Amino acid sequence: MTKCDKCSSRAIIFQRYSGMRLCQSHFYDDVRRKMRQSIRETGIFGHGAKVAVALSGDRKSSAMLHLLRDIFARRRDLEFVAILIDEGISGYRPGGLDSSRALAERLEVPHMTYSFQDAFGTTTDEIALGKKSPCESCRAMRNSLLNQISSEIGADALALGCSLDDLAHEIFKFYIRGDIDGLSSIQNPNPCNQQGNVEVIMPLRRVPEREALLYAVSHTLLPRGCGACPHSKDAVSIEVRRSLSEFESRHPGTKYSLLKSFERITELSYSENFLAGNCEP
Ligand code: SF4
């Protein structure tokens with residue numbers, strides 16, 4: 001039996017980037033610690049706040065909602081509302097929506113569902129017709145709708161279930177394309193990157209995807225039968241994701257380094273904008 005590096009219990013995970021083997025209890029502590037760090041940086045949870053949580057029927061957003069409820073279990077001044085988006089992807093989204101509603105009810109979080117069809121008069125299935133990949137449009141419409149709804153319900157923040165891998169992938173993709181506008185469009189807690197009036201936060205930004213999934217599996221937060229999106233065929237994204245994962249396996253910690261470098265650039269850019277009077281303090 002492989003033992004936990006912090007106690008004598010059986011290890012359930014080995015983190016190559018930290019060199020640590022952790023048992024279930026210390027693994028949960030570690031995930032909560034990473035999440036708390038990201039949450040602290042937002043400054044949102046220090047006082048009463050209403051937080052819209054984007055629930056997309058996958059394990060990451062399910063883990064995020066579960067962790068938020070767990071970490072803030074005693075905070076009566078915080079209000080969470082789960083927002084579900086139906087992009088109109090047959091054979092995929094209905095299962096995710098059912099699982100998300102069941103989870104929100106299990107965690108006693110009010111939830112609301114909005115559809116692309118009602119908001120934009122079209123669906124991702126329709127956009128996909130004749131297109132190589134509808135992902136860019138799908139993402140933009142989803143973000144826009146999430147932000148609009150969060151604003152309408154008076155939320156102070158919108159929480160997205162993006163993991164370390166998601167962010168590192170986006171950052172890496174924009175770096176290798178030399179796309180500075182794309183880089184600056186990545187939402188982060190910096191006030192310069194708010195969407196509308198609602199601050200976008202990513203509580204899982206320091207949690208690797210594999211750990212978010214393990215957390216979800218350990219807590220039986222398993223969306224039923226939704227599988228993979230049938231439109232996830234963006235060749236560049238798949239190649240970038242694969243290359244980055246190969247690099248990470250040869251050089252553990254690469255994804256954290258990408259995130260740190262991006263955060264540093266953002267800080268510097270924020271300082272410059274702040275000094276130039278372009279950002280509110
Ligand atoms: Fe939308 Fe692409 Fe994600 Fe499918 S994989 S839900 S089309 S962004």
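Everything numeric here is computed off the predicted structure, so don't read it as measured data. Just so you know, ligand 1 is whichever comes first in the structure, and atom 1 is the first atom listed for that ligand.
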Using side chain to side chain contact (heavy atoms under 4.5 Å, CB included), reason through S163 and R210 one step at a time and then give a plain yes or no. CA-CA 9 Å; S163 66; R210 178 172 92 103; over 6 Å; no
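- Side chains of D125 and T123: a donor-acceptor N/O pair is absent below 3.5 angstrom, by distance only.
- Note on E263 versus R205: salt bridge recorded, some NZ/NE/NH1/NH2 to OD/OE distance being below 4.0 Å.
- Within the 4.0 Å cut-off (strictly below), no protein heavy atom is located near atom 3 (Fe) of ligand 1.
- Protein N/O/S atoms nearer than 2.8 Å to atom 1 (Fe) of ligand 1 total 1.
- With salt bridges taken as basic N to acidic carboxylate O contacts below 4.0 Å, none links R33 and D29.
- Under the 3.5 Å distance criterion, with hydrogens and angles disregarded, a donor-acceptor pair is assigned to the side chains of S38 and R206.
- Sorted by first and then second residue, the salt bridge (charged side-chain N to carboxylate O under 4.0 Å, His left out) pairs involving residues 243-253 (not counting sequence neighbours) form an empty list.
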